[in-house]
Amino acid sequence: MQLLPGFRDFFPDDCARRNYILETWRTVARRYGFVEYDGPVLEPMALYEKKSGGELVGQLFDFTDKGDRHVAMRPEMTPTLARMVAARERDFKKPLKWFCVPQFFRYEKQQRGRLREFYQLNCDIIGEASPAADAELIAVLIDLLRACALGERDFVVRLSSRTAWQEFFAQVGGRPEDEYEFFQIVDKAERLPPEKTDAALAKFGLTAQQVLAFMHSKAATAELAPILADLTARGLGGFVEIDYAIVRGLAYYTGVVFEVFDRGKNERALAGGGRYDKLLSLMSDGQTDLPALGFGMGDVVLANLIHDVPAAQAQLHAWLARERAVDVYVVIAHETRRPEALALVQRLRDAGLRADFPLATAKLGKQFQTAEHLGARHAVLVGDEWPQVKVKTLATRAERLASPDELLSLLTPPKIPVILSGA
RNA sequence: GUGGCCGUAGCUCAAUGGUAGAGUCCCAGAUUGUGAUUCUGGUUGUUGCGGGUUCGAGUCCCGUCGGUCACCCCA
């Protein structure tokens, strides 16, 4: 049996790599005061039809359940979040700073950086309209990547705004109802030949040259300036660039939008998000009307970039080594001492140490080999010396005798790993 | 969904249309109280799958599945 396309088995090593990313996400999000929430993996199909309509339906994993309900595996979090917020909005002080690390499912053809199943960090701030919220959200985004030992030379936040394009469009006489179509053209302007863009813009009386000129003007609008100032005050200004080429495909974005790219442009976007001030009202039929903004960051592209950047890879490997290492491997030199060894293993484990030992009779050399293979810091040899044991520090090959009581105070529990911040 | 390239041992890869191989990994021994290296031996295959051409197909052709890259899309 083979895997379904776009789905992954997580063997222990893969699982550890995944956990590195998820734990880093959770650590940094909490550092910013975001709290974790979650929702169901399976939702009524109608939840997604309401917001997006036909186009996205083809990219859903959907089916009819045994109760004849049309359901879908979740492809994104925003509809669920909107429902949850609308349901109990009054229970929470504003602004809400919520994050989630859901697994998503999208029926798309897989390629580099895109699978049919993936994890995505979602951070959202709800109930705060000021640019301070935009800056806070972008700051946590930057620090999430810095925590993976990625720096200014590795990635950049491209900051833009739908508002800026709305003003541009209004100035040249565009009608608000045509805005979305105009945004779609702008979104593709950089990738398509100018003639095609010209043709598409003709109905608005615009040229590709006009649009591209505005796109590449790096001047911050009155909306973006305070956000940049805020980030600069935090010392994070170097991670952000104004780039009006960022429009984002979705209809619901209302103001600030941004995407994160690797500097080498070898990968797809690492993250993307923006303001969606009208969406909660839309999703709740006007029941809840709160300004909101958020972003999503997937695990697949991030893992690729970590692999690409030596410093990030080194930090990952250091983390993996700490993660998998046992503290003590108990070597049973004589099978007659197995009961004493079992008692010792139990005491070590009760003390919170990661301890392992051979389940089957094995030669001494083999046991040390296993200890080495497991990354054990110490081997404890139970045999002739009993009631004392021989403690060996594998890295230095130093040995000493100790009683089981001494052993326990000798081997202090490991410190909780600290995620180092890369500049 | 459309198109290009690729599918051989767990992994990395060889094999002019003519006997399916190497390295690595894993297991055991050399080494019965100590980890590396080395040496010896061993396990591992429907050559993705199904047809076709041929005396003979891993190799050529068709289909299919999977991977990958680009397009589309990107919540």
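In what follows, chains carry the letters A, B, and so on, assigned in the order in which the sequence lines appear, proteins first and then strands, with residues in each chain numbered from 1. Keep in mind it's a predicted model, so treat the numbers as computed, not measured.
- Among residues two or more places apart in sequence or in another chain, the side chain to side chain contact (heavy atoms under 4.5 Å, CB included) test is passed with A:Val35 by A:Trp98.
- In this structure, A:Tyr107 and A:Thr396 both approach RNA chain B, and ranking their closest nucleotides by distance from the 5' end singles out A:Tyr107.
- Using a 4.0 Å heavy-atom criterion, one finds that A:Arg248 contacts the sugar-phosphate atoms exclusively.
- For the contact set between residues 81-88 of chain A and RNA chain B, defined by any heavy atom under 4.0 Å, there are no members.
- The existence of a salt bridge linking A:Asp143 and A:Arg146 is confirmed by a sub-4.0 Å separation between a basic side-chain nitrogen and an acidic carboxylate oxygen.
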Watson-Crick and G-U pairing of RNA chain B written in dot-bracket, each distance under 3.5 angstrom, with | for inter-strand partners: (((((((..((((....[..)))).(((((.......))))).....(((((..]....))))))))))))....
Per-nucleotide protein contact string for nucleotides 25-32 of chain B, where B marks a base within reach and S marks sugar-phosphate only (heavy atoms under 4.0 Å, - for neither): ---SSS--
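- Distance A:Ile246 CD1 to B:rC74 P: 14 Å, rounded to the nearest Å.
- The nearest heavy atom of RNA chain B to A:Ala398 and to A:Arg106 marks one nucleotide each, and the one closer to the 5' end goes with A:Ala398.
- Nucleotides B:rG63 and B:rC55 are separated by 24 Å at their P atoms, to the nearest Å.
- Relative orientation of the A:Phe182 and A:Phe169 rings is parallel, given thresholds of 30° and 60° on the angle between their planes.
- If you check every strand for non-hydrogen atoms under 4.0 Å, A:Glu335 touches nothing.
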Sugar-phosphate or base contact per nucleotide [nucleotides 65-71 of chain B; S, B, -; heavy atom under 4.0 Å]: SSSSS-B
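- Annotation: salt bridge (Lys or Arg N to Asp or Glu O under 4.0 Å) contacts of A:Glu195 (sequence neighbours excluded): none.
- Once rounded to the nearest 0.5 Å, the distance linking CD of A:Glu190 with CG of A:Leu212 reads 7.0 Å.
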